[in-house]
Amino acid sequence: MAKNLEISFLLDFYGDVLTEKQRDVMEQYYNDDLSLAEVADNFGITRQGVRDAVKRGEAILLDLEEKVGFAGRYRAVQEGVSRIGELAKEIEFSNSGSYSGGSYGCDAQISRATAEILQIIQHISE
């Protein structure tokens with residue numbers, strides 16, 4: 001299952017390097033979750049032909065990711081941005097005095113900075 005999601009993710013990134021037919025076969029197999037037989041019927045080829053096309057497509061996508069790594073870097077950036085957002089919210093909560101249970105008041109500079117961080121995250125995540 002995890003490999004299917006990984007190939008589907010790579011297909012989103014690098015699908016344009018495949019031939020149109022390869023991409024369509026891969027999309028039907030991975031994204032539309034059709035069986036080899038169903039894809040074969042749609043293209044008028046054998047199940048073995050679909051399997052071969054899928055295996056060739058997988059090899060191309062995995063090789064490309066190994067060489068350039070765009071999908072992995074994108075995933076790492078997304079995870080990093082998400083974690084930065086979580087930390088900014090924790091700082092914001094702590095700064096409000098609610099976290100410590102105290103009523104020390106909040107630091108306006110920290111409040112502005114966390115608000116700006118959260119705005120930047122929202123902007124780049126759109």
Side-chain angles (χ1 to χ4, degrees):
M1 179 67 170
K3 185 171 184 176
N4 288 351
L5 292 175
E6 181 66 18
I7 296 296
S8 184
F9 186 68
L10 294 177
L11 189 57
D12 290 341
F13 263 85
Y14 305 117
D16 289 341
V17 302
L18 302 173
T19 66
E20 187 176 346
K21 187 173 182 178
Q22 269 183 322
R23 185 175 54 251
D24 290 344
V25 166
M26 298 280 290
E27 285 177 353
Q28 286 188 16
Y29 184 72
Y30 284 107
N31 295 343
D32 299 340
D33 200 28
L34 298 182
S35 69
L36 292 174
E38 291 169 320
V39 176
D41 286 343
N42 290 343
F43 286 93
I45 58 178
T46 65
R47 287 180 60 231
Q48 185 62 43
V50 172
R51 185 182 181 288
D52 291 345
V54 166
K55 291 299 175 190
R56 275 192 308 275
E58 285 177 0
I60 291 168
L61 297 175
L62 291 168
D63 185 53
L64 195 52
E65 176 59 14
E66 185 179 320
K67 288 179 180 173
V68 292
F70 288 149
R73 278 184 248 158
Y74 175 81
R75 185 178 288 137
V77 167
Q78 290 301 101
E79 289 170 359
V81 167
S82 178
R83 183 64 182 139
I84 290 168
E86 291 169 5
L87 292 170
K89 288 176 184 176
E90 287 178 21
I91 292 167
E92 184 178 54
F93 182 71
S94 179
N95 186 51
S96 72
S98 301
Y99 183 72
S100 62
S103 56
Y104 301 108
C106 65
D107 184 308
Q109 185 178 4
I110 292 173
S111 291
R112 284 191 303 274
T114 55
E116 184 178 350
I117 290 168
L118 293 169
Q119 284 178 341
I120 292 168
I121 289 169
Q122 182 179 1
H123 176 73
I124 62 176
S125 298
E126 293 175 345

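Linking ILVMFWY residues whenever their side-chain heavy atoms come closer than 4.5 Å, directly or via other members, leaves Val77 and Leu87 in distinct clusters. Criterion: ILVMFWY side-chain heavy atoms under 4.5 Å apart, direct or through other members. Under it, Tyr74 and Val81 are not part of a common hydrophobic cluster.
Using modelled atom types, one finds a donor on one side chain and an acceptor on the other under 3.5 Å when comparing Gln48 with Asp52.
Of the inter-residue distances, the one linking Arg51 atom CZ with Leu36 atom CG reads 8.0 Å to the nearest 0.5 angstrom. Lys55 contributes atom NZ, which lies 9.5 Å from atom CE of Met26 (distance to the nearest 0.5 angstrom). Distance check: Ile121 CD1 to Lys89 NZ gives 8.0 Å after rounding to the nearest 0.5 Å. Residue Asp24 holds its CG atom at 10.0 Å from CG of Asn42, rounded to the nearest 0.5 Å.
Two residues are said to be in side-chain contact when any heavy atoms from C-beta on lie closer than 4.5 Å; Glu92 and Leu118 meet this criterion. Taking the side chain as every heavy atom from C-beta outward, Leu34 and Tyr29 never approach each other to under 4.5 Å. Under the 4.5 Å side-chain criterion, counting only non-hydrogen atoms from C-beta, Val50 is not in contact with Phe43. No side-chain heavy atom of Val17 sits under 4.5 Å from any side-chain heavy atom of Arg23. Two residues are said to be in side-chain contact when any heavy atoms from C-beta on lie closer than 4.5 Å; Ile7 and Val54 fail this criterion.
With respect to Leu10, the side-chain contact (heavy atoms from CB on, under 4.5 Å) criterion is satisfied by exactly one of Leu61, Ile60, Leu64: Leu61.
The minimum heavy-atom distance between Glu126 and Gln122, with the atom names listed, is CG-O, 3.0 Å. The shortest non-hydrogen separation linking Val25 to Ala53 is CG1-CB, 4.2 Å. Between Gly57 and Leu18, the shortest heavy-atom contact is CA-CD2, 4.2 Å.
Remark: the backbone N or O of Phe70 is paired with a side-chain donor or acceptor of Tyr14 at under 3.5 angstrom. Of the possible donor and acceptor atoms, one in the side chain of Ser96 sits under 3.5 Å from a partner among the backbone N and O of Phe93. In this structure a side-chain-to-backbone donor-acceptor pair under 3.5 Å is missing from Ser94 to Glu90. The closest donor-acceptor contact from the side chain of Glu65 to the backbone of Ala71 lies under 3.5 Å.
Under the side-chain contact (heavy atoms from CB on, under 4.5 Å) criterion, Ile110 pairs with Ile91, Asn95, Asp107, Thr114, sequence neighbours left out.
Counting non-hydrogen atoms of neighbouring residues, nucleotides and ligands closer than 6.0 angstrom, the CD atom of Glu86 exceeds 12 such neighbours.
Ion pairing between Glu38 and Arg47 fails under the 4.0 Å rule for side-chain N and carboxylate O.
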